Amino acid sequence: MPTSRRRAIPQLRVAEAIAATLRERILAGADGDGYRLPTQEQLVEEFGVSYPSVREAIRILETEGLVTVRRGNVGGAEVHRPDPSSAAYHLGLVLQAGRVTLGDLAGGLQLLEPLCAAECARRDDRVAQVVPALRVNVERSAELVGSGLAGSGLVDSGVAFTETARDFHELIVAFTPNATVRLVVSSLVALWSAQEVRWAELLTSRGEYPALQDAQAVVRTHRRLLAEIEAGRAAEAERLSRAHLAASQALLVDRFDSDVHAASTRSWQAVGPAGGARVSSRV
C-alpha cells in the first residue's frame, strides 16, 4: 500500500501540471478563435509522459467543465469556453450542497439585481445600447399577453411568457458594465430563471398558470422600469426593481420554499455546461 501510494503521487502531479498548461491554453483562447485539444498521442509526445498521465489530466479538465470527452468512432475531446452557464452550474452545486433555500436565493437577488438596474440607468450609452433590447423584450411579452387575451388566458403561452419575462431580468444584468458584478449576478439570475420556468411548466400542465392580469401587471412594471432606465433615474430604477422582484418572487417562494433548495438538481441541470447558457454578456 505505501509503495502504491508513492507511485500514484508523481503521476497525479504530472497530470495536474499538464492540466494546468492545457487550462491556460483554453482560457487564453476564450476570446479568440478558441483552442482545439490535441489528441492523446500528440499530448504524450509533446509532454513526454505516459498515456495514463494524459488521460488523468483530461479527466481533471472534464470535472471543471472545460472539456467533454466523446466516446466511439467519432470520439475525441471537445473544449468548452467558460461562460455564465458554467459558473451558474457550479454555484448551483454549492448552493444545493449547503441546502440553501429558494427564499434565500430570492433574497440575494433582491439585494443584487436592483443594483444592476441602477447601473444600466447610469450608462451614458443606455439609449443606444440598453433601451432598444429591453424594449424589444417588453413588446414580445406584451404580444404573448395579447394572445392570451384573444384565447383562453395564458394556458398555451404561459411558459413562453415566463421565459420572455425572465429574459428581461437577464438582459438588465447582462448590460451591467462591471464585469465581476455582471458574471456573479447573472449566475444567480440563471438559477432563478431555471426555477421559474420549471414552475411555469408545472402549473401550465395542471391548468393552474397565474391569472392573465398578473402577466399584464408584469408587463406594466417592465415598461415602467424601462422608462426609468431610459431617463437615467438610477435610484428609482433600483427601487422599482427591488419592489418588482419581491412581488414576483413571492408566489414561487410561498409555494415551494419549504421543500425546494435554491438549486435543485432539476433546475441547475437547465443551466449546466451541457445545456448551454441562456444568459449572454452584453457591455
Side-chain angles (χ1 to χ4, degrees), residues 1-100 173-174 178-191 194 261-283:
M1 192 61 146
T3 302
S4 173
R5 181 173 298 174
R6 281 197 298 273
R7 289 175 181 168
I9 290 175
Q11 180 178 312
L12 180 59
R13 287 176 178 168
V14 169
E16 290 173 343
I18 297 170
T21 299
L22 297 177
R23 186 185 303 112
E24 289 179 5
R25 294 176 183 176
I26 292 170
L27 297 178
D31 295 325
D33 295 332
Y35 172 72
R36 296 180 65 85
L37 198 69
T39 65
Q40 291 190 26
E41 291 77 8
Q42 291 170 328
L43 291 173
V44 166
E45 181 177 352
E46 176 184 353
F47 291 100
V49 296
S50 65
Y51 279 94
S53 293
V54 167
R55 285 193 288 268
E56 180 60 31
I58 293 175
R59 275 195 290 269
I60 291 172
L61 297 176
E62 273 193 289
T63 63
E64 297 173 352
L66 295 175
V67 168
T68 298
V69 176
R70 301 186 304 272
R71 268 73 181 181
N73 295 332
V74 291
E78 180 182 357
V79 172
H80 306 288
R81 61 178 288 176
D83 59 24
S85 72
S86 55
Y89 177 81
H90 290 290
L91 177 59
L93 293 177
V94 174
L95 294 178
Q96 188 177 11
R99 304 184 70 79
V100 175
V173 177
N178 184 277
T180 300
V181 173
R182 183 172 67 245
L183 292 172
V184 170
V185 181
S186 68
S187 296
L188 297 174
V189 171
L191 291 173
H261 296 118
S264 67
T265 301
R266 291 180 299 180
S267 295
W268 56 250
Q269 280 177 341
V271 294
R278 296 195 327 119
V279 181
S280 59
S281 294
R282 297 177 177 84
V283 180

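No experiment lies behind these values; they were computed from the predicted model shown. Start at 1 with the first residue, then count along the sequence. FYI, side chains are in, hydrogens and waters are out, and symmetry mates aren't considered; it's all heavy atoms of this structure.
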Is the shortest side-chain heavy-atom distance between [X] and [Y] below 4.5 Å?
X	Y	value
V79	L66	no
H80	V67	no
L43	L22	yes

Does E62 form a salt bridge (Lys or Arg N to Asp or Glu O under 4.0 Å) with R59? I'd like the steps, not just the answer.
CA-CA 5 Å; E62 273 193 289; R59 275 195 290 269; over 6 Å; no

For T21, enumerate each residue passing the side chain to side chain donor-acceptor pair (under 3.5 Å) test, keeping only those at least two apart in sequence or located in another chain.
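T21 satisfies side chain to side chain donor-acceptor pair (under 3.5 Å) with no other residue.
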
Main-chain N/O of R182 paired with S186 side-chain donor or acceptor, under 3.5 Å
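At least one qualifying donor-acceptor pair exists.
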
Kindly write out the residues that satisfy salt bridge (Lys or Arg N to Asp or Glu O under 4.0 Å) with E45, not counting sequence neighbours, or none if the list is empty.
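Once residues adjacent in sequence are excluded, E45 has no partner under the salt bridge (Lys or Arg N to Asp or Glu O under 4.0 Å) criterion.
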
Return the set of residues passing salt bridge (Lys or Arg N to Asp or Glu O under 4.0 Å) with E78 (not counting sequence neighbours), or none when no residue passes.
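So E78 forms a salt bridge (Lys or Arg N to Asp or Glu O under 4.0 Å) with R70.
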
Euclidean distance, [Y] [atom2] relative to [X] [atom1], rounded to 0.5 Å:
X	Y	atom1	atom2	value
S53	E16	OG	CD	11.0 Å
S50	E56	OG	CD	10.5 Å
R23	E64	CZ	CD	4.0 Å

Closest heavy-atom pair and its distance - [X], [Y]:
X	Y	value
S187	L91	CB-CD2, 4.0 Å
A57	A15	CB-O, 3.4 Å
A77	L37	CB-CD2, 3.4 Å

Run through V94, L191, L95 and flag the one making a side-chain contact (heavy atoms from CB on, under 4.5 Å) with V100.
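So, applying the side-chain contact (heavy atoms from CB on, under 4.5 Å) to V100 and each of V94, L191, L95, only L95 qualifies.
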
Salt bridge check: are E46 and R25 linked by an N-O gap of less than 4.0 Å?
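Salt bridge flag = yes for R25 with E46.
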
